[in-house]
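First up is the structure itself, then whatever we jot down about it.
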Amino acid sequence: AICEGNQELANSVDSGLVPQERLAYQVLSYDGETLRFYIDGQLMTSLIGSYSSFDIGLTIGRRVSNDSEFLKMDFRDLEVYNRPLTPLEIKMRLDNQYYIDIQSSADPFGDGSLVAKYQLDGDAQDLTGNYHGVASNVTYQAGKFGQCGVFNGIDSDIENTTLFNQMMKGSYSVSLFFKLHNHTAE
C-alpha cells in the first residue's frame, strides 16, 4: 500500500474507500501537520499527526506489514514530490491535456519538487534517475497512457529500499494512477 506506516490509510482499501475495477488517481499529500488522501481529485479523508518518518523503503503491490498480502492491480505513474501538492495541482493532473504535456517530464510543475517518478512503461526505473525500483513478477501491458505495470495479486511487487526513509522527512506528496482489481489474491 502507498502509506504503509499508517494503518488508517492502509485500512482505506479494506473499507471500500479506494475504488475497484476502474482507473483512479490517488494522492497522499502531507504538509507537515495534516495528511490528506484524495481519489480522482476529491478529498476523501484527512488525518492530523506525524506522517513523515519512515523506516521502510517504497514497496508497490505488497503490504510491508504482511509479506504475503499482495494487491491485484494495474498501475502507472507513481510520483513522489518533496512538498504537498495543492488541490488545484491535483485537479490539473487529472486533465488529459495537462497529463499529456507532463507525461515524461522530470519537472512537471517547474519547481524541482519531483524527486521520483515510476512511469512503469516496461520497467521499474525512476525517470529522475535517483531511486530505481526492483520489479518481481510484474508484467507490462498497454494502458490508457502508454504501458502500465500489472500486479497479479499473488507475488508481484516493486521495491526500493531507500526512497521513503531518505526523502520523507517533512512535507511530501505521493500520487499514482491505478486500477485495483481485488484487494488480495483470490
Answer whether the closest heavy-atom distance between the side chains of [X] and [Y] falls below 4.5 Å.
X: Met73; Y: Asn152; answer: no
X: Val138; Y: Leu120; answer: no
X: Gln119; Y: Arg76; answer: yes
X: Val150; Y: Thr139; answer: yes
X: Gln26; Y: Ser175; answer: no
X: Tyr81; Y: Lys117; answer: no

* Asked: How are the rings of Phe151 and Phe75 set relative to one another: parallel (under 30°), tilted (30 to 60°) or perpendicular (over 60°)?
  -> perpendicular
Which distance, rounded to the nearest 0.5 Å, do you find between the [atom1] of [X] and the [atom2] of [Y]?
X: Asn137; Y: Phe70; atom1: CG; atom2: CZ; value: 8.5 Å
X: Gln147; Y: Asp74; atom1: CD; atom2: CG; value: 12.0 Å
X: Cys148; Y: Leu176; atom1: SG; atom2: CG; value: 12.5 Å
X: Ser136; Y: Asp155; atom1: OG; atom2: CG; value: 8.0 Å
X: Glu33; Y: Ser171; atom1: CD; atom2: OG; value: 9.0 Å

Gln42 meets the side chain to side chain donor-acceptor pair (under 3.5 Å) criterion, sequence neighbours left out, with none
Practice prompt. Step by step, work out the side chain to side chain contact (heavy atoms under 4.5 Å, CB included) result for Leu85 and Tyr172.
Written response: CA-CA 8 Å; Leu85 294 180; Tyr172 61 85; over 6 Å; no
Sequence neighbours excluded, the answer for side-chain contact (heavy atoms from CB on, under 4.5 Å) partners of Thr86 is Leu88, Glu89
With sequence neighbours left out, the residues meeting side-chain contact (heavy atoms from CB on, under 4.5 Å) with Asn130 are Asp126, Thr128
Contacts of Phe178 meeting ring-ring contact (aromatic ring centres under 6.0 Å, His included) (sequence neighbours excluded), chain-then-number -> none
By ring-ring contact (aromatic ring centres under 6.0 Å, His included), Tyr140 pairs with (sequence neighbours left out) none
message: Please evaluate residues Ile90 and Tyr38 with respect to the criterion side chain to side chain contact (heavy atoms under 4.5 Å, CB included), reporting the C-alpha separation (whole Å), side-chain torsions for both, the decisive distance (0.1 Å), and the verdict.
response: CA-CA 8 Å; Ile90 292 167; Tyr38 297 84; 3.5 Å; yes
Sequence neighbours excluded, the answer for salt bridge (Lys or Arg N to Asp or Glu O under 4.0 Å) partners of Asp40 is Arg22
Sorted by chain and number, sequence neighbours left out, salt bridge (Lys or Arg N to Asp or Glu O under 4.0 Å) with Asp31 holds for Arg36
Tell me whether Arg83 forms a cation-pi arrangement with Phe109, defined as NZ or CZ under 6.0 Å from the six-membered ring centre and within 45 degrees of its axis.
yes
